[in-house]
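Each chain gets a letter, A, B and so on, in the order the sequences are listed, and its residues count up from 1. For the numbers below, each heavy atom of this structure counts, side chains included, while hydrogens, waters and symmetry mates do not.
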Amino acid sequence: MSELNLSEQEIIRRQALEEIRKLGIDPYPAAEYRTNAYAKEILENYSPEKNNYQEVCLAGRLMSRRIMGSASFAELMDSTGKIQIYVKRDEICPGEDKTLYNTVFKKLLDIGDIIGVKGFVFITQMGEITVHVKELTLLCKSLRPLPVVKEKDGKLYDAVTDPEFRYRQRYVDLIVNPHVREVFRKRTLLIQSMRELFNSRGYLEVETPILQPIPGGANARPFITHHNALDIPLYLRIANELYLKRLIVGGYEGVYEFAKDFRNEGMDRMHNPEFTVMEIYIAYKDYNWMMNFTEEIIEKVALDLHGTTEIVYQDRVLNLKPPYRRVPMLDLIKETTGIDIYGMDEAELRKVCDKLGIEHTPAMGKGKLIDAIFSEKCEQLLVQPTFVIDYPVETSPLTKMHRSKPGLTERFELFINCKEIANAYSELNDPVDQMERFREQLRLSEKGDDEAMFIDYDFVRALEYGMPPTSGMGMGIDRLTMIMTNQPSIQDVLFFPQMKPLGQKPKAESPKEDFLKLGIPEEWIDPIKKLGYHTVAMLREVEKPSRLANDLNIYNKKNKLGLAGLSPETVEKWLR
RNA sequence: GAUUCAGUAGCUCAGUCGGUAGAGCACAUCCCUUUUAAGGAUGGGGUCCUGGGUUCGAUUCCCAGCUGGAUCACCA
C-alpha cells in the first residue's frame, strides 16, 4: 500500500514501527507471554491490608495515556476489563539508559498497542487500584488509530454508534464498546444454559446436513448452490426438522441441534439470511408436554443470565415466570375481532378479511387467510409470553391432527414481545397422511405459492418404518438472545450480520513510468492520483483537459506544494 | 421491493442563503511532571459518499447512483 492512501496518523505509526525495529525491539514477538492476573479480578479482590497481587503479570491493549514527564498513567484493557497502570521512568529503566521510557513508551507506543506488564498493585492518591509497572513488553504494535471513547461515571463520550461502522468492523466495536462484548457473552451463556438442560435429560446433541438435496421442514425460499462432482443442485437448509425426525425413527429418544438455517428472504431488524435455530425432538411426548418443557427452558435461561424472570426489554417489562397463557388461535381471533371463524370455508374467510380490512390475494388458501387475520389482529397483543395453540391444518403440513378438534392440528407457537420465539408440534407420524399433506403443498406450489414445501419421499419412507409419537420444537436463538440482552435488532446479536458489500475498491494503479511516458513531470503524479486518476487509461478518458489543469492547480495551491501552475495546453499534451 | 432520513478530519459532530470548510477528542512539537472523559501553548491533518446537470464557480441547489438507519411489504 502506498503512503498516498494513509492518513497522517497511520504514517506516523508506521514510522514508529520502524523506529521500534531499529531499537532492536520486535514489534510482533513470537514467544508466549504468560500472565497471572486479569484486570477484573484485581479490581474485585485487591486489598491493601492483604497486600495481595504484589507480583502480577497481565497483558492487554493500551486504551489511554496520561503522560507527565517521568511518570505516566495509562489504561490497560484485557478480556475482563480495564485497569489503570502506573509507569515510572526509573522503574522500567533502572540503569542509565532511559530509552525504553523516554522513547519507546512516551513516543513510539500508541493507543491500541498490545503490551504486557509486570509489577505490583497499589492504590493511588486518587484512590484508584493501579498496577505499578516494573517491566513493560510490547506484544503487538497497532498501525491503525482506534476511535477514542471516553467514559465518566458510566457515561460514554464520543462513543462509536454508527451502525454501519459497528457491523462492518465488529472487531473495533468490540474493542471500544464493552457492553457489546457482554451481549455476545450472554448469547453464549444462553446456548450453554439450554445445552446443559438437554444434556442433563440425556438428549443427544447431533449434527445434520446443511447442504440438502431437498430443502424441507419449513415454508421459505432457499439458497441454492451446485455440487460439481455430482452435478446436482443442493440447497442450504431452511430447517433441519425432517432430518432430526429421521433420527427419532432411528431409535434415539431425544435429539437436538443448534443449527444455522438459511432463508433467501428480506432482511430487517428481525431477519438475517442466516440465523440460528435450536430444534429438539423427543419421543413419546406431545405438544402439551412440550409447552411445559419450553416454559422450563425459558425460565432457566432467564435465571442463568439474569438471576430473575423479570426482564426489561426496551420500554417493557417481560415476566418470564411460568406458567404462560395457553390460548387456541381461533379463540384469540374471536376475542380480538368478535368473529368466530371456526369451520369457515375459503369464501367465508375472504369476506371476514374484507370486513376487517385485511388484504388478500387469490393465491392465498384457507390457512394463509387465517394466518393473515391472526398476524394483523392478534400478534401485537402478545407482549407477555403466550402459547398460541391449535393451528389450522392448512399451514401445518408436518403436524399431527388435533385429537379432538377437526381441521386443527396439535401445534403451538410461543410469542414473547409480539414475536414468534418458538414453534412446536405433536409430530405427524402417519406416513399416509404425511404424503397427502405433501401433495397438498404441491398443489399450493402449482397455484403460485413459492414457499410451499417440496415432497420428500425419503422422509415419507422413514415414517413408513414407523416413528414413535414425538413432539418437536424449534426456537429462534437470535430472537431469544435479543430479548434476553435487550437488543432492538438482530444485527446486535450476530457478530457479523449480513451487510451489502461496499462498491469498487480503488482500481489497480499504473506504475510511475507510465505516467512519465506521457510527459507528466514526476512531482505531478501524486496529485493526479490523489484526484482519483489511478491509471493512465483513466487520464485518457478525461474530456476537459482545462478542467483537470484547474483541479490540479487548486490542489497545488491548497496543499502548498509550491509547483509552477499548469496551463490547459500542457495538460492537453499529456493526454493526447 | 416502496417511502423516508442520513453520509463533512482517525472518532463524535457543527457549518457553508453557492466563492475548496470548523470544534472537541485523537495525532505532532514544546512547557508541566502523581493524573481521573479534559493541565497549558502551538501546529499538522479533509476527493465535504460517487457521477452528471445548472453556474464564471457546487461540499452546499437539482437529478441519478452507492452505502446505512427507520417505517412498510414478504418471512422466523
Could you state the atom-to-atom distance from NZ of A:Lys107 to C1' of B:A28 in whole Å? 9 Å
Spacing between A:Asp162 atom CG and B:A70 atom P, to the nearest angstrom: 12 Å
From CE of A:Met270 across to P of B:A70 the rounded distance in Å is 12 Å
Same-atom distance (P) from B:C74 to B:C5, integer angstrom: 24 Å
Charged N-O contact under 4.0 Å between A:Glu19 and A:Lys22: yes
May I ask you to say whether A:Arg411 pairs ionically with A:Glu413, meaning some side-chain N is under 4.0 Å from a carboxylate O? yes
May I ask you to check whether A:Phe415 and A:Phe374 place their ring centres under 6.0 Å from each other? yes
Look at the side-chain N and O atoms of A:Gln491 and state whether any lies under 4.0 Å from the OP1 or OP2 oxygen of B:G69. yes
Taking atom C1' in both B:U16 and B:A23, compute the distance separating them and give it to the nearest angstrom. 15 Å
Quote, to the nearest angstrom, the P distance that separates B:G19 from B:G45. 22 Å
Has the side chain of A:Ser64 got a donor or acceptor atom sitting under 3.5 Å from an opposite partner on the base of B:U36? no
Answer for the Watson-Crick or wobble partner of B:G57, both distances under 3.5 Å, is none
Counting only Watson-Crick pairs (N1-N3 plus N6-O4 or O6-N4) and G-U wobbles (N1-O2, O6-N3), all under 3.5 Å, who is the partner of B:A9? none
Looking only at side-chain atoms of A:Gln125, point me to the closest of B:A28, B:A26, B:U35. B:U35
Atom-to-atom span, NZ of A:Lys500 to C1' of B:C49 - whole angstrom: 15 Å
Should A:Arg237 and A:Glu257 count as an ion pair when the cut-off is N to O under 4.0 Å? yes
Could you tell me whether A:Lys82 contacts a base, only the sugar-phosphate backbone, or nothing, with contacts defined as non-hydrogen atoms closer than 4.0 Å? nothing
Classify the nucleic acid contact of A:Glu420 as base, sugar-phosphate or nothing, counting any heavy atom under 4.0 Å across all strands shown. sugar-phosphate
Are more than 12 heavy atoms, taken from residues, nucleotides or ligands other than A:Gln380, located less than 6.0 Å from that residue's CD atom? yes
My understanding is that a pair needs two contacts under 3.5 Å, Watson-Crick or G-U wobble. By that rule, which nucleotide pairs with B:C48? none
If only atom types and distance count, is the side chain of A:Asn272 paired as donor or acceptor with the main-chain N or O of A:Glu274 below 3.5 Å? yes
Counting only side-chain N and O atoms of A:Arg168, is one of them less than 4.0 Å from OP1 or OP2 of B:G68? yes
Using a 4.0 Å heavy-atom cut-off across all strands, classify A:Asn264 as base, sugar-phosphate, or nothing. nothing
Please determine whether a side-chain nitrogen of the Lys or Arg among A:Asp78 and A:Arg61 lies less than 4.0 Å from a carboxylate oxygen of the Asp or Glu. no
For A:Glu10, report the nucleic acid contact type (base, sugar-phosphate, nothing); a contact means any heavy atom under 4.0 Å. nothing
Say we look at B:G15 and B:U8: how far apart would their C1' atoms be, to the nearest angstrom? 9 Å
For the C1' atoms, the ones on B:G68 and on B:U50, what distance do you get once it is rounded to whole angstrom? 15 Å
Ranking B:G10, B:A26, B:G69 by distance to the side chain of A:Ser7, first place goes to B:G10
I want to confirm an ordering. Mapping A:Pro145 and A:Met126 to their closest nucleotides on RNA chain B, which one lands closer to the 5' end? A:Pro145
Sticking with atom P, work out how far B:A41 lies from B:G53, rounded to a whole angstrom. 48 Å
Distance test, side-chain N/O of A:Arg269 to OP1/OP2 of B:U71, below 4.0 Å: yes
Which is more 5' along RNA chain B, the nucleotide nearest A:Pro163 or the one nearest A:Asn272? Just name the residue. A:Pro163
Separation between the P atoms of B:G43 and B:C48, rounded to whole Å: 24 Å
Between B:G10 atom C1' and A:Glu8 atom CD, what is the distance in whole Å? 11 Å
Provide, to the nearest angstrom, the distance between the CD atom belonging to A:Glu151 and the P atom belonging to B:G24. 23 Å
In whole angstrom, what separates A:Ile416's CD1 from B:A76's P? 17 Å
For B:A2, the Watson-Crick or wobble partner whose two distances fall under 3.5 Å: B:U71
For B:U34, which nucleotide is its Watson-Crick or G-U wobble mate, given both distances must be under 3.5 Å? none
Considering only atom P, compute the distance from B:U60 to B:C17 and round it to an integer number of Å. 13 Å
Do the side chain of A:Thr124 and the base of B:U36 come within less than 3.5 angstrom through a donor-acceptor pair of N or O atoms? yes
Taking atom types as they are modelled, is there a donor-acceptor pair under 3.5 Å from the base of B:C74 to the side chain of A:Asp268? yes
Tightest non-hydrogen contact, residues A:Phe387 and A:Tyr324, listed as CE1-CD1, 3.7 Å
In Watson-Crick or G-U wobble terms, both distances under 3.5 Å, what is the partner of B:C17? none
If pairing means Watson-Crick or G-U wobble with both distances under 3.5 Å, then the partner of B:A41 is B:U29
Look at the side chain of A:Glu128 against the base of B:U36 and say whether a donor-acceptor pair falls under 3.5 Å; ignore hydrogens and angles. yes
Mind checking A:Ala159 for me? I need base, sugar-phosphate or nothing, with any heavy atom below 4.0 Å counting as a touch. sugar-phosphate
Whole angstrom value for the distance that separates P of B:G44 from CD1 of A:Ile11: 16 Å
Can you tell me whether the side chain of A:Tyr86 and the base of B:U35 have a donor-acceptor pair closer than 3.5 Å? no
